[in-house]
There are 2 protein chains.
Amino acid sequence: MATKTDTDLLYEKAISRCGLRFTSQRRCVFDVLLNKRDHPTATEVFRRAKSRISSISLATVYNCLETLVECGLARQVHIDREPTRYCPNLLEHGHFVCSVCGEVWDIEVPSGGGAGMPYRLPEDATVISADVTLHGLCPRCNAGKN
Amino acid sequence: MATKTDTDLLYEKAISRCGLRFTSQRRCVFDVLLNKRDHPTATEVFRRAKSRISSISLATVYNCLETLVECGLARQVHIDREPTRYCPNLLEHGHFVCSVCGEVWDIEVPSGGGAGMPYRLPEDATVISADVTLHGLCPRCNAGKN
DNA sequence: CTAGGTGCAAAAGGTTTGCGGTTAA
DNA sequence: TTAACCGCAAACCTTTTGCACCTAG
């Protein structure tokens, strides 16, 4: 295997903490995810990974992505019922999806007050996590309308 | 066909406005959805509809649900990548999903300020709609923990 | 060395579609 | 009457799984 990068060391540490192995496929998939943070689907990650490891299989990409999620190094992003996307941004955040170009942007959520605070809940409910996805026109596509 | 109810008239009006036909299957599916507002999946709607029209098919239920959505009488609810659920609540609202019992509750969103206002967007973006799903413990399951 | 990971192919599960027969308007 | 709709079955697409071989530790 080639020299380990800082990214590799981060991943290797996280993955061994989970009692898992640091394989070249996992390294590749993680690198693909960090390299271009555009919320790719598993199929897109597969396409990019295959250009580096031509023998890699789609099932392995799914497995590696699941491993990344398990290790806490990535999160799944669900937009309607479209194919699952993957996001290496570990901070609490939501997503903005452009209805024209389809691009996905990370958006900030209010830091104080906890998840979902702007919403009125049934009494005595406890919120664990919040999934927020906004649909609309991104700056680029908005500009194109003028 | 049996006597038309108020619900039927509402649906018939909406459906003819869309240039579509008021069939017994569509009537049945809409009625099932309004009858128990528990965010059923297409399969569950199929099960309930079949108890009234035994010959109805799953594909027809999917088609009827799609028609309802097109006519603006129901909305799809996406929770992660679970099967799509259907909701006849037309007001702007989000969903709270209990991690224990799986029940889905409608939750209010802030009325003033528009969709997604608590979130910091990329500049010059326009929000069209907001999907908000909170995960946590519902009052009933929360109480069971004590 | 060996438990865990990979590649392949097949299966699973939700949803959509094509087609011949049926029906609301 | 006839275009739209229904039921059925097959197709579709994403994701998961079983299995024989391989490899990191």
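Protein chains get the first letters and strands the later ones, always in sequence-line order, with residue 1 at the start of each. What you see is a predicted model, and the numbers here were worked out from it, not measured in a lab.
- B:K13 has its NZ atom 20 Å from the C1' atom of C:dA25, to the nearest Å.
- Taking atom CZ of A:R27 as the reference point, atom P of D:dT23 lies 16 Å away to the nearest angstrom.
- Looking only at distances, no side-chain donor or acceptor of B:D131 sits under 3.5 Å from a matching main-chain atom of A:T133.
- Rounded to whole Å, the distance from CD1 on A:I56 to P on C:dG5 is 14 Å.
- Minimum heavy-atom separation, B:L33 to B:P40: CD1-CG, 3.9 Å.
- For B:R21 against D:dA4, a side-chain-to-base donor-acceptor contact under 3.5 Å is present.
- The separation between A:L68 atom CG and C:dG5 atom P is 13 Å, rounded to whole Å.
- Here the side chains of B:H39 and B:Y86 are not in contact, with every heavy-atom distance at 4.5 Å or above.
- With rounding to whole Å, B:R26 atom CZ is found 8 Å from D:dA4 atom C1'.
- For B:I53 and C:dT22, the CD1 to C1' distance is 14 Å, given to the nearest whole Å.
- Look at B:S57 and you'll find a side-chain N or O under 4.0 angstrom from OP1 or OP2 of D:dG7.
- The shortest distance between the side-chain N/O atoms of B:Q25 and the OP1/OP2 oxygens of D:dG7 is below 4.0 Å.
- Considering every non-hydrogen atom in both B:R81 and A:T84, the closest pair reads CD-OG1, 3.1 Å.
- Taking only side-chain nitrogens and oxygens, A:T23 comes nearer than 4.0 Å to OP1 or OP2 of C:dT6.
- Listed for the B:R85 side chain is no donor-acceptor partner under 3.5 Å among the backbone atoms of B:I79.
- Between the side chain of B:R26 and the backbone N or O of B:R21, at least one donor-acceptor pair lies under 3.5 Å.
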Would you tabulate the nitrogen or oxygen pairs shorter than 3.5 Å linking the protein to nucleotides 14-16 of chain C?
unit_1, atom_1, unit_2, atom_2, d
C:dT15, OP1, A:R81, NE, 3.4
C:dT15, OP1, B:T84, N, 2.9
C:dT15, OP1, B:T84, OG1, 2.7
C:dT15, OP2, B:Y62, OH, 2.5
C:dT15, O5', B:Y62, OH, 3.3

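- Straight-line distance from the CG atom of A:L65 to the P atom of D:dT14: 15 Å, rounded to whole Å.
- Take B:S16 and apply the side-chain hydrogen bond (donor to acceptor under 3.5 Å, both in side chains) test, not counting sequence neighbours, and it matches no residue.
- Annotation: the terminal axes of the helix from C:dC1-D:dG25 to C:dA25-D:dT1 meet at 40°, where each axis is the rotation carrying the C1' atoms of four end pairs onto the next four (5 pairs per end, rounded to 10°).
- When rounded to the nearest whole Å, the span between CG of A:N63 and P of C:dA3 equals 20 Å.
- One finds the NE2 atom of B:H95 at 7.0 Å from the CG atom of B:N89 (value rounded to the nearest 0.5 Å).
- Taking a cutoff of 4.0 Å between a charged side-chain nitrogen and a carboxylate oxygen, A:R52 and A:D31 qualify as a salt bridge.
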